[in-house]
2 protein chains.
Amino acid sequence: MKEETRLREARAIVNELLVDIFNRILAIEGENLKQKGIKLSMSEIHVLEAVTKVLEPTMTNIAKKLGITVGSLTVSVNTLYQKGYLSRERDQDDRRKVVIGLLPKAEEILEVHNDFHNDMVNSIFKDLGIDEDEVLISSLQKLSSYFKE
Amino acid sequence: MKEETRLREARAIVNELLVDIFNRILAIEGENLKQKGIKLSMSEIHVLEAVTKVLEPTMTNIAKKLGITVGSLTVSVNTLYQKGYLSRERDQDDRRKVVIGLLPKAEEILEVHNDFHNDMVNSIFKDLGIDEDEVLISSLQKLSSYFKE
DNA sequence: AAACTATATTTGAAGTTCAAAGTATTTTAA
DNA sequence: TTAAAATACTTTGAACTTCAAATATAGTTT
């Protein structure tokens, strides 16, 4: 194959990955939750997940992690609090802050979520046999940090 | 680094790529459109894009490509038709079908969209210097087809 | 023709998001 | 010290997206 053609294809593939695949995964995971009788939407799951990933889980920090406004997050946290997934209390030192915490009910849900992702990634690795590819992994690492900047 | 640790990291990176990065790109592209004074939402852009990507652009086929219901698509196509981005006519052979087409106005928009993606992918390739990596490209190809199954 | 299937539209409800306006708290600076 | 500015969050209203159910329309089968 001509070098030029190969390169064009590579770019098309990266583009497609970045555009198509993600939606498919979201849909698959949505189905997965539905099957297991879990009533939360994917965006609610992402809120729970963000709470665990953020160092100091205040509204502002969580919203930043999610890339949404604090106002939007408030609405979402309202319902998750109502439903008993999240705790919510003022910070003692700075009482403007609201610190969000996971309740046991949420931890169960996140376990399902993590299992799903582990299974998915494991089967990708297994089916594609890319475990051993140093170059791939370091490239993906670069790609990942590229978008985190 | 221990083999086991390296592998665990690789999986975490793939997972993160599949989860985090996409949202960031969507947001960046949304900003891009806003800056250029384009009034369409990302989901409307995706409808236009799907019309070009599908072999026979009927409502059912386009909805399948997008992973949404035909009902949702109808709502979206209504406004895009109103605004003059899409044409809409019954199929001559099977008059149950509605064939959607792009109008010139839509093609301009998609050009901006494509430019954005080309620029993004080009700068990824350039900044990361992964042009020459055969293994990466073939792995990405596998990954891509894995999710298309 | 009647019943059935396939395709698309309409409508209503629920969820997500943002922007703007408002409240409470803390920090800064005169 | 105290008034102003900055920070953190909530509330509300509007726009958009999506789905599910009901309806409409076109084609197929018996």
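Naming convention: chains lettered A, B, ... in sequence-line order (proteins, then strands); numbering from 1 in each chain.
In this structure, a donor-acceptor pair under 3.5 Å is present between the side chains of Ser41(A) and Ser43(A).
Taken to the nearest 0.5 Å, the CG atom of Leu48(A) stands 8.5 Å off from the OG1 atom of Thr52(A). Taking CG from Asn114(B) and CD from Glu49(B), the interatomic distance works out to 7.0 Å, rounded to the nearest 0.5 Å.
Of the candidates dT7(D), dT16(C), dC9(D), the closest approach to any side-chain atom of Arg96(A) belongs to dT7(D). Taking the side chain of Glu44(A) as heavy atoms from C-beta on, and the options dC9(D), dT16(C), dT26(C), the nearest nucleotide is dT16(C). Checked against dG27(D), dT17(C), dT10(D), the side chain of Val98(A) finds its nearest nucleotide in dT10(D).
Straight-line distance from the CG atom of Leu40(A) to the C1' atom of dT16(C): 15 Å, rounded to whole Å. If you measure from atom NE2 of His46(B) to atom C1' of dC16(D), you get 15 Å, rounded to the nearest angstrom. Between Asn78(A) atom CG and dT16(C) atom C1' there is a gap of 14 Å when expressed in whole angstrom units. Computed from coordinates, the Glu89(B) CD to dA26(D) P distance equals 15 Å when rounded to whole Å. With rounding to whole Å, Ile45(A) atom CD1 is found 11 Å from dT16(C) atom P. For the pair Leu66(A) CG and dT16(C) P, the interatomic distance rounds to 12 Å; values are reported in whole Å. Taking atom CE of Met59(B) as the reference point, atom P of dA24(D) lies 18 Å away to the nearest angstrom. One interatomic measurement links the two molecules: OH of Tyr81(A) to P of dT11(D), which rounds to 12 Å at whole-angstrom precision.
Lys39(A) comes within contact range of no nucleotide atom at all, as no heavy-atom separation falls under 4.0 Å. The residue Thr58(B) sits close only to the backbone: its heavy atoms come under 4.0 Å of sugar-phosphate atoms, none of a base. Within the 4.0 angstrom heavy-atom criterion, no nucleotide atom of any strand lies near Asp91(A). Backbone-only contact: Lys34(B) has heavy atoms under 4.0 Å from sugar-phosphate atoms and none from a base.
Judged by closest nucleotide on DNA chain C, Val77(B) is the one of Met42(A) and Val77(B) placed further toward the 5' end. With DNA chain D read from its 5' end, the first of the two nearest nucleotides for Arg88(A) and Ser41(B) is the one closest to Arg88(A). Positionally, the nearest nucleotide of DNA chain C for Ser43(A) lies more toward the 5' end than for the other of Ser43(A) and Arg90(A).
Not one N or O on the side chain of Asp91(A) forms a donor-acceptor pair closer than 3.5 Å with the backbone of Lys97(A). Put simply, the side chain of Arg90(A) gets close to the backbone of Arg96(A): a donor and an acceptor are under 3.5 Å apart. Although no hydrogens or angles enter the test, the distance criterion places no donor-acceptor pair under 3.5 Å between the side chain of Ser72(A) and the main chain of Ile68(A).
Residues from residues 68-76 of chain A that place a heavy atom under 4.0 Å from any atom of DNA chain C, listed by number: Ile68(A), Thr69(A), Ser72(A), Val75(A).
For Asn61(A) and dA8(D), the shortest distance from a side-chain N or O to OP1 or OP2 is not below 4.0 Å.
Glu44(B) has a carboxylate O that lies under 4.0 Å from a charged side-chain N of Lys83(B), or vice versa, which qualifies the two as a salt bridge.
Across Val112(B) and Asn32(B), no two heavy atoms sit closer than the pair CG1-OD1, 4.4 Å.
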